[in-house]
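First the structure, in the form of structure tokens, and then the observations on it.
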Protein chains: 2
Amino acid sequence: MEDEVDRLVAAWRRERPDLDVEPLEVLSRVSRLARHLDRARRTAFAEHGLEPWEFDVLTALRRAGSPYQLSPGQLLTQTLVTSGTMTNRIDRLTGKGLVKRLPDPDDRRGVLVRLTDDGRDRADQALAGLLAHERELLAQLTSGQQTELAALLRQLVAPFDNIPG
Amino acid sequence: MEDEVDRLVAAWRRERPDLDVEPLEVLSRVSRLARHLDRARRTAFAEHGLEPWEFDVLTALRRAGSPYQLSPGQLLTQTLVTSGTMTNRIDRLTGKGLVKRLPDPDDRRGVLVRLTDDGRDRADQALAGLLAHERELLAQLTSGQQTELAALLRQLVAPFDNIPG
DNA sequence: TCGAGATATCTTGATGTCGAGATACCTGCG
DNA sequence: CGCAGGTATCTCGACATCAAGATATCTCGA
């Protein structure tokens, strides 16, 4: 089965036969797939009344375990957004009653963001919905292929995640 | 080598041992890697005075081959953005002298967007820079692994690219 | 103890994107 | 021929994001 990147690569080979465009076979597919996933997720979360960015923040807190709280800084590293964006997100989630800000008892510069009961329920529901949806997409691959794909992707992501950049 | 998704998955298994979170091993890595790639690309293109979105549009036209022109609609399907966004992009690229709008001789509703000579040169330069940069990232994998990764990703993207969604 | 530099968060202004609707034009059926 | 429905592009308002800078606080060596 051909995809848009096959067409893209073929076009480059025709227009710029002097270049080695092999890297695009992997990385353009990653970018395009991510774009498609974003759209699919937006649809999936809409059933639960959540935006993708809300899901990202709520689930980061949910994963932290009881009492479901993290600093804005910890949320930054998990969600790959800037601090200004996170401040804005926390403001809006607070307005919707899904999280609340608490002063950090150990650092007066700091703040802790804690999930409310309602926020935790919404996160749990949306996660279940997301997993169901993602399982369908992955039905294209055997279980073994999924494992292999995950391993290859890990090798590419690891440098970014471990060397701060 | 561990990555952020390993930690994420471990956290879910601890907090929600009742759920099968296997799909995240693949799809969360795709999303996070794409996010990192976006940032890296922004840096790479800055050397050529281009934004990532400018690169996307210019190279779509460049790939089309002489006379380097496409309709806004064709550009939409290649770049996965909405029509309002594309209108805006074409406006700005026109302002920078990198593309120009021409009336479509066969359809008076239509427009053709054509690359200027300057636009073509900028696209070519930026592409070379991007490929050099991407080759470094992929040095983590053997040539065989890259081929395999590309094939697995193709299976996931193809349904999106071929069944309109 | 004091001060320099690091750190945590928030503020601000600019900008790009989306989504829905508007407009103009095309196509094909009756 | 005329009209209904489809298509191509643009307009507009709302909104999320980013980058850079501001503020408050912490840390640690002299």
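Keep in mind that this is a model prediction, so the values were computed, not measured.
- Proximity of A/Arg101 to the phosphate of C/dT9: no side-chain N or O atom is located under 4.0 Å from OP1 or OP2.
- Side-chain contact between B/Leu76 and B/Thr82 is absent, with no heavy atoms from C-beta onward closer than 4.5 Å.
- Residue B/Glu51 contributes atom CD, which lies 18 Å from atom P of D/dT17 at whole-angstrom precision.
- The nearest whole Å value for the distance from the CG atom in B/Leu76 to the C1' atom in D/dT7 is 12 Å.
- Checked against B/Glu54 for a salt bridge (charged side-chain N to carboxylate O under 4.0 Å, His left out), the options B/Lys96, B/Arg41, B/Arg92 give a single hit: B/Lys96.
- Spacing between atom CG of B/Asp106 and atom C1' of C/dC26 amounts to 12 Å, rounded to whole angstrom units.
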Residue pair A/Asp124, B/Arg16: steps toward the salt bridge (Lys or Arg N to Asp or Glu O under 4.0 Å) verdict: CA-CA 9 Å; A/Asp124 280 341; B/Arg16 297 293 307 275; 2.9 Å; yes
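- One can place NZ of B/Lys96 at 14 Å from C1' of C/dG16, the figure rounded to the nearest angstrom.
- Taking 4.0 angstrom as the limit, B/Arg39 places none of its side-chain polar atoms (N or O) nearer than this to OP1 or OP2 of D/dA19.
- In this structure, of C/dC18, D/dT25, D/dC10, it is D/dC10 that holds the atom nearest to the side chain of B/Val111.
- Residue whose closest nucleotide on DNA chain D sits further toward the 5' end, between A/Trp53 and A/Ser83: A/Trp53.
- Looking at A/Asp121, its side chain never comes within 3.5 Å of a backbone N or O of A/Asp118 through a donor-acceptor pair.
- Straight-line distance from the CE atom of B/Met86 to the C1' atom of D/dT9: 12 Å, rounded to whole Å.
- Shown here is B/Arg108, whose CZ atom has no more than 12 heavy atoms of other residues, nucleotides or ligands within 6.0 Å.
- Of the two residues contacting DNA chain C, namely A/Leu112 and A/Arg35, the nearest-nucleotide position lying further toward the 5' end is that of A/Leu112.
- Contact annotation for B/Asp104: no contact, since no heavy-atom pair falls under 4.0 Å across all strands.
- The listed nucleotides are D/dC10, C/dT9, D/dC18; the one nearest the side chain of A/Val81 is D/dC18.
- Rounding to whole angstrom units, CD1 of residue B/Ile90 and P of D/dA8 are separated by 14 Å.
- Which of C/dA8, C/dC18, C/dC25 sits closest to the side chain of B/Arg108 comes down to C/dC25.
- Between D/dT23 and A/Arg109, no contact under 4.0 Å exists linking OP1 or OP2 to a side-chain N or O.
- A residue-by-residue look at A/Arg42 and A/Gly84 shows that A/Gly84 has its nearest nucleotide of DNA chain C further toward the 5' end.
- Looking at A/Arg135, its side chain does come within 3.5 Å of a backbone N or O of B/Asp20 through a donor-acceptor pair.
- Pairing for D/dA30 goes to C/dT1, judged as Watson-Crick or G-U wobble with the two contacts each under 3.5 Å.
- Side-chain atoms of A/Thr85 and base atoms of D/dC18 include no donor and acceptor less than 3.5 Å apart.
- Put simply, CG on B/Asn88 is 15 Å from P on C/dG19, counting in whole angstrom units.
- For the pair A/Asp38 CG and D/dT17 P, the interatomic distance rounds to 11 Å; values are reported in whole Å.
- Dashed line: the shortest gap from a side-chain N or O of B/Arg89 to OP1 or OP2 of C/dG16 is not under 4.0 Å.
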